[in-house]
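Input: a single structure, listed below in structure tokens.
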Amino acid sequence: MREVLDGLPEARDVNPVYAVVDEAHARGDVQFLGQLGCALGELWGPERQSWPYRSVFDHVLRRLATTPGRENVVQALRLVALPKVARRGLDRTTASMLASEQPPEHLAAAFTERASEELRACLVHELVLRGVPVAGIPRIAAWATSRHWLHHPLRRLPLTRSDLEAHADLPRHGATGSSWGMPYGPAKEGRVLAAARTTDARGAADAVAAVETTTEAVERGVGAAVRNWTEESNGRVEAREFLFDEPLAEAAVPAALRSLGLDCLAAHEGRRPALTVTAVPPDHAWRVLFAAASQGGAYNYGGWGAYGRLDAWRSLAALAGVPETAGFEETEARVRASTWYAFESDAPWFEQVAWDLGLLAHTDDGHRLTVLAATDTD
């Protein structure tokens with residue numbers, strides 16, 4: 001261990017150290033990995049070249065968190081609790097790795113050993129997303145139903161998975177990285193309403209009488225799931241709400257969308273872009289929003305599962321016109337009562353790389369249409 005640590009300050013290549021870690025992992029030397037991780041965590045500091053320490057620390061942590069076994073869980077928890085390395089982002093990532101790769105019964109250690117409340121809260125909802133009945137694991141259930149985290153933002157979410165969440169694109173974690181699906185692009189299910197070709201902008205669809213009612217609160221709520229794209233990557237977002245004088249028939253939705261003066265569908269060089277609108281089930285909308293919130297965009301990792309879940313529901317609720325003060329049952333009922341559409345376009349506003357989404361929510365009274373468009377690029 002001393003040889004490993006002494007060589008790190010001047011290291012330009014940490015792969016030889018990775019090999020030492022991997023050898024210890026292969027022979028099941030969990031104590032060595034835990035001790036090495038703790039030593040690395042203690043050596044971080046502004047006076048040192050920190051990237052070799054952090055890189056090897058992250059590799060040790062990933063090996064422990066993704067290898068099934070209670071002792072591996074205990075040692076991983078020990079590392080993320082170190083004062084010099086503790087940070088919210090690390091809690092979120094570690095909770096995702098543990099929930100993905102460890103048997104739920106081993107994760108009760110997070111509620112008996114030393115662990116931050118943030119990690120515990122994230123772990124609870126990472127498990128819920130994977131369909132784990134947390135109420136059936138006494139140690140986890142006792143913490144999850146206690147009052148001392150009553151004001152934590154994740155407490156707003158239920159401890160059981162809604163069927164709208166059943167197809168979440170959750171990551172799988174391994175020794176060298178993580179992978180997940182990206183549900184963007186053309187909707188694979190649903191009923192296409194319009195696949196309009198590019199035409200002269202002067203031939204735009206007849207306007208449909210509507211008044212824009214977008215407020216800062218609406219924009220913030222609708223855009224919650226893609227906020228990380230703009231704050232941490234190169235993304236741009238358009239989140240707007242409109243009220244119509246008369247109930248809007250489904251057949252009129254594409255024309256209405258054309259008439260709203262959206263930046264994302266603006267004409268370019270005298271031509272309006274092609275537009276496809278598809279009626280989709282609400283679980284499609286949740287899945288896309290969850291991916292955007294949990295995975296992030298081109299240059300960031302998002303909020304991982306727990307906070308991805310929270311922000312997906314925030315966006316879904318705001319799109320459906322649900323007040324921020326509403327409980328989860330009311331929110332879910334209003335979401336199910338709304339009609340949902342996905343839309344795509346070849347408009348220049350969309351980067352057309354990998355991260356493009358367009359969603360509409362048409363409330364059950366037929367008068368409100370809320371729009372979310374987002375795009376990002378590397």
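Predicted model only: the values in this text are computed from it and were never measured.
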Spacing of R120 atom CZ and W149 atom CH2 [to the nearest 0.5 Å]:
11.5 Å

Below 4.5 Å, heavy atoms only, C-beta onward: do L61 and L90 meet side chain to side chain?
yes

Given 3.5 Å as the limit, does a donor-acceptor pair link the side chain of D346 with the main chain of A274, or not?
yes

From W349, W355, F350, residue fulfilling side chain to side chain contact (heavy atoms under 4.5 Å, CB included) relative to Q352:
F350

Mind listing the closest non-hydrogen atom pair of L129 and R161 along with its distance?
O-NH1, 3.0 Å

Can you tell if the side chain of L193 reaches within under 4.5 Å of the side chain of E250, non-hydrogen atoms only?
yes

Within-4.5 Å side-chain heavy-atom neighbours: R258 and L275:
yes

Is it true that, when you exclude E117 itself, more than 12 heavy atoms of the residues, nucleotides or ligands shown sit nearer than 6.0 Å to its CD?
yes

Would you say the side-chain atoms of E332 and S162 include a donor-acceptor pair closer than 3.5 Å?
yes

G235 backbone acceptor or donor facing D376 side chain under 3.5 Å
yes

Measure across H173 and S100 and return the closest heavy-atom pair with its distance rounded to 0.1 Å.
CD2-CB, 3.6 Å

L262, V277, L265 screened by side chain to side chain contact (heavy atoms under 4.5 Å, CB included) with S345, the one that passes
L265

Specify the closest pair of heavy atoms between A317 and T331, including all atoms of both residues, with the distance to one decimal.
CB-CG2, 3.6 Å

I'd like to know whether OH of Y301 has more than 12 heavy-atom contacts from other residues, nucleotides or ligands below 6.0 angstrom.
no

Of the non-hydrogen atoms in H106 and V73, which two are nearest, and what is the gap between them?
O-CG1, 3.9 Å

Between W143 and T112, is there a donor-acceptor pair closer than 3.5 Å when you use the side chain of the first and the backbone of the second?
no

Do R220 and E216 meet the salt-bridge criterion of a basic N to acidic O distance under 4.0 Å?
no

Distance in Å, L360 CG paired with F343 CZ, rounded so as to fall on 0.5 Å steps
5.5 Å

Counting neighbours of CZ on R139 that are heavy atoms of other residues, nucleotides or ligands and sit closer than 6.0 Å, is the number greater than 12?
no

Short question: side chain of T375, backbone of E351 - any donor-acceptor pair under 3.5 Å?
yes

Look at D163 together with R336 and state whether they make a salt bridge at an N to O cut-off of under 4.0 Å.
yes

Is there a donor-acceptor contact under 3.5 Å from the side chain of R130 to the main chain of E126?
yes

Co-membership, hydrophobic cluster, residues V132 and L154, 4.5 Å side-chain
yes

Short side-chain to backbone donor-acceptor contact, R63 and D22, under 3.5 Å
no

Can you measure from CG (L127) to CD1 (I137) and round to the nearest 0.5 angstrom?
6.5 Å

State whether the number of non-hydrogen atoms from other residues, nucleotides or ligands found under 6.0 Å of H152 atom NE2 is greater than 12.
yes

With heavy-atom distances below 4.5 Å as the criterion, would you say the side chains of Q102 and T66 are in contact?
no

Donor-acceptor pair between E241 and T213 side chains, under 3.5 angstrom
yes

Got more than 12 heavy atoms from elsewhere within 6.0 Å of CZ, R147?
no

Between T214 and E212, is any side-chain donor less than 3.5 angstrom from a side-chain acceptor?
yes

Inter-residue atom distance S294.OG - L289.CG, 0.5 Å rounding
10.5 Å

Against P52, only a single residue in L5, L43, D13, L8 fulfils side chain to side chain contact (heavy atoms under 4.5 Å, CB included); can you say which?
L8

Name the orientation class of the two ring planes belonging to Y184 and W229 (parallel below 30°, tilted from 30 to 60°, perpendicular beyond 60°).
perpendicular

When you check the gap from the basic side-chain N to the acidic O, do R172 and E101 get nearer than 4.0 Å?
yes

So if you build clusters from Ile, Leu, Val, Met, Phe, Trp, Tyr with side-chain heavy-atom gaps below 4.5 Å, do V226 and Y299 land together?
no

Report yes or no: do L243 and L248 belong to one cluster of Ile/Leu/Val/Met/Phe/Trp/Tyr joined by side chain heavy-atom distances under 4.5 Å?
no

What's the shortest heavy-atom distance between R287 and D169, and which atoms?
NE-OD2, 2.6 Å

Could you give the distance from OG1 (T377) to CG (D356), rounded to the nearest 0.5 Å?
9.0 Å

Heavy-atom donor-acceptor pair, S315 side chain to A225 backbone, under 3.5 Å
yes

Minimum side-chain heavy-atom gap L33-N72 below 4.5 Å
no

Without swapping roles, check the side chain of Y307 against the backbone of A293 for a donor-acceptor pair under 3.5 Å.
no

Could you check whether any side-chain N or O of S233 sits under 3.5 Å from a backbone N or O of T230, counting only pairs where one atom can act as donor and the other as acceptor?
no

If you measure from the Lys or Arg side-chain nitrogens to the Asp or Glu carboxylate oxygens, is any gap between E113 and R70 under 4.0 Å?
yes

Checking the side chain of E232 only, and the main-chain atoms of N300 only, is there a donor and an acceptor separated by less than 3.5 Å?
no

Can you check side chain to side chain contact (heavy atoms under 4.5 Å, CB included) on Y341 and L359, steps first, answer last?
CA-CA 6 Å; Y341 304 94; L359 289 173; over 6 Å; no

Go through the side-chain N and O atoms of W313 and E165 and say whether any donor and acceptor fall under 3.5 Å apart.
yes

Between the side chains of S338 and R368, does any donor sit under 3.5 Å from an acceptor?
no

Kindly state whether the ring of W304 and the ring of W180 have centres lying under 6.0 angstrom apart.
yes

Closest contact, heavy atoms only, R92 versus C122
CG-SG, 3.8 Å

Distance in Å, L77 CG paired with L98 CG, rounded so as to fall on 0.5 Å steps
6.0 Å

